[in-house]
Amino acid sequence: ALMCGVQASSGVLCAETEYHLTEISTLFLFCRYNIKALIGRGSFSRVVRVEHRATKQPFAIKIIETKAKEGREVCESELNVLRRVSHRNIIQLMEVFESHERVYMVMELATGGELFDRIIAKGSFTERDATRVLQMVLDSIKYLHSLGITHRDLKPENLLYYHPGVDSKILVTDFGLASSGNKAGDWLMRTTCGTPEYIAPEILLRKPYTNAVDAWALGVITYIMLSGSMPFEEENRTRLYRMILKGRYSFAGEPWPNVSNLAKDFITRLLTIDPNDRMTASQALKHPWIVTMAASSSMKNLHRSISQNLMRRASSRCHSSKSGHSSGSNKSRLEQAVVRFLCRQLPTEKKECPVGGQDG
Ligand SMILES: Nc1ncnc2c1ncn2[C@@H]1O[C@H](COP(=O)(O)OP(=O)(O)O)[C@@H](O)[C@H]1O
Ligand SMILES: [Mg+2]
């Protein structure tokens with residue numbers, strides 16, 4: 001029997017082939033961890049919450065299907081990065097189990113939900129709160145870039161809160177599209193990838209590009225955090241890409257008149273078309289908005305106009321079209337967050353959420 005008491009009955013243990021060894025590895029995983037709930041889903045992956053049987057400690061396991069070539073590539077990118085990094089704002093990999101068709105990545109569990117769920121649930125959101133989130137994210141991106149790693153899929157659903165408390169740190173996750181190049185930092189990438197609304201113009205132009213694509217995505221994320229709307233938003237993919245290529249976004253309408261000029265300057269310097277002129281993560285950390293605002297006391301409450309924008313989006317785009325890439329339903333994530341929020345406000349008798357997503 002294995003250590004956990006599973007009997008060596010089905011012929012699994014007597015074989016010497018690699019196949020059987022990998023199946024033993026899976027068996028070992030289930031002996032060690034008790035699966036509790038499904039908490040996330042992507043095109044090639046599922047994420048489950050588990051409990052370590054001996055210590056009762058909770059963890060997350062990302063299960064990646066490796067039968068398809070894409071699944072294998074996503075898995076390889078993710079492991080290449082996670083095995084190299086150690087940073088308080090990057091999800092920590094604990095151990096890995098492999099079977100013939102799946103890879104199981106045991107990671108620390110983030111229980112605070114995704115960035116957008118938090119903005120809505122919190123009931124208030126300030127420039128100060130945004131800069132505190134950005135400080136943590138920028139610090140981890142600066143670290144990744146110093147190692148020659150580009151995330152390439154930064155977006156609010158890949159930024160998780162470690163715990164439900166107000167003072168929770170943020171964890172950068174999902175390195176399925178990450179590229180780990182050399183340390184020189186001038187290593188050029190060519191693969192066209194990312195999530196449409198967050199893709200940098202140089203990727204769309206199919207030019208060789210650098211880690212500056214992460215800085216662009218951070219500009220998009222900052223815009224969303226402060227307004228609850230997307231800088232580049234268009235149902236039609238071709239028109240969306242045209243807007244991005246021209247860098248056509250605006251600070252018109254609510255809540256922008258109430259947003260500081262420093263915040264707008266910060267966004268403008270990240271949403272700069274020429275990647276050579278774009279602020280780097282390490283420059284962004286030193287931008288006066290980040291430096292002064294993160295240290296300041298509570299500011300104007302932006303929550304109302306943010307949630308108004310989010311809800312307007314949700315009602316005007318009930319049937320958003322499918323968009324590509326690993327996370328499947330990325331386009332409707334903002335809407336899903338709003339619907340989850342609205343569901344929580346409903347009288348208890350009909351508390352069914354019409355959309356999928358995490359079970360929290
Ligand atoms: N360590 C974790 N702790 C808690 N939830 C997680 C964790 N990792 C992922 N999730 C949840 O699962 C979702 C999908 O995981 P992710 O790594 O982004 O996979 P994909 O590559 O399929 O997008 C995330 O958006 C998040 O909600
Ligand atoms: Mg993801």
Side-chain angles (χ1 to χ4, degrees), residues 33 35-52 57-66 68 70-82 85-96 102-121 137 140 151-165 168-179 193-199 214 217 220-221 322-337 339-340 353 355-360:
Y33 298 96
I35 297 186
K36 294 290 196 178
L38 180 69
I39 54 173
R41 202 180 256 288
S43 312
F44 309 102
S45 72
R46 279 162 298 158
V47 180
V48 290
R49 179 165 54 81
V50 300
E51 186 183 87
H52 190 276
Q57 239 189 300
F59 292 98
I61 298 186
K62 183 167 176 175
I63 307 166
I64 303 184
E65 303 293 329
T66 50
E70 293 99 320
R72 279 197 300 279
E73 285 170 0
V74 159
C75 184
E76 204 183 297
S77 309
E78 187 136 34
L79 286 179
N80 273 341
V81 171
L82 290 181
V85 299
S86 169
H87 187 281
R88 66 184 298 275
N89 298 115
I90 297 176
I91 200 87
Q92 196 191 331
L93 180 71
M94 316 305 295
E95 56 181 339
V96 181
R102 284 177 203 101
V103 167
Y104 303 83
M105 303 183 337
V106 184
M107 301 179 289
E108 63 181 326
L109 176 72
T111 58
E114 297 173 6
L115 176 64
F116 264 89
D117 293 329
R118 177 68 67 96
I119 295 171
I120 296 165
V137 178
S140 62
H151 187 288
R152 299 202 291 191
D153 198 19
L154 288 173
K155 53 182 174 175
E157 44 271 60
N158 288 336
L159 302 175
L160 306 181
Y161 278 97
Y162 184 52
H163 66 70
S168 166
K169 66 174 176 174
I170 277 266
L171 294 170
V172 176
T173 65
D174 194 354
F175 291 84
L177 291 183
S179 150
C193 66
T195 301
E197 283 80 0
Y198 302 84
I199 289 187
D214 284 346
V220 177
I221 293 171
K322 282 255 182 307
S323 50
H325 174 59
S326 62
S327 65
S329 59
N330 71 69
K331 206 159 190 183
S332 60
R333 295 310 297 267
L334 274 172
E335 280 90 330
Q336 284 182 22
V339 177
R340 276 201 293 276
C353 256
V355 287
Q358 303 172 265
D359 70 1

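For ligands, and for the atoms within them, numbers begin at 1 and follow the listed sequence. For clarity, every value in this text was computed on a predicted model and none was experimentally measured.
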Close approach of Glu108 to ligand 1, heavy atoms, under 4.0 angstrom: yes

Thr173 near the Mg ion (ligand 2) via N/O/S, less than 2.8 Å: no

Proximal atoms of ligand 1 relative to Asn158 (non-hydrogen, under 4.0 Å): 18 (O)

Any Thr173 heavy atom less than 4.0 Å from ligand 1: no

Selected option - heavy-atom contact closest to atom 14 (C) of ligand 1, from Val47, Leu38, Val74, Leu109: Val47

Minimum heavy-atom distance Arg41-Leu38, with the two atoms named: NH2-CD2, 3.7 Å

Polar proximity ligand 1 side, Ala110 side, N/O cut 3.5 Å exclusive: yes

Evaluation steps, salt bridge (charged side-chain N to carboxylate O under 4.0 Å, His left out), between Lys155 and Asp174: CA-CA 10 Å; Lys155 53 182 174 175; Asp174 194 354; 5.8 Å; no

Any N or O of Ser43 closer than 3.5 Å to N or O of ligand 1: no

Asp174 atom (N/O/S) at minimal separation from the Mg ion (ligand 2): OD2

Non-hydrogen atom of Ser45 closer than 4.0 Å to ligand 1: yes

Side chain, backbone, both or neither: Leu171 near ligand 1, heavy atoms under 4.0 Å: neither

Check: Lys62 N/O within less than 3.5 Å of ligand 1 N/O: yes

Atom indices of ligand 1, in the order listed, that fall short of 4.0 Å to a heavy atom of Met107: 1 (N), 8 (N)

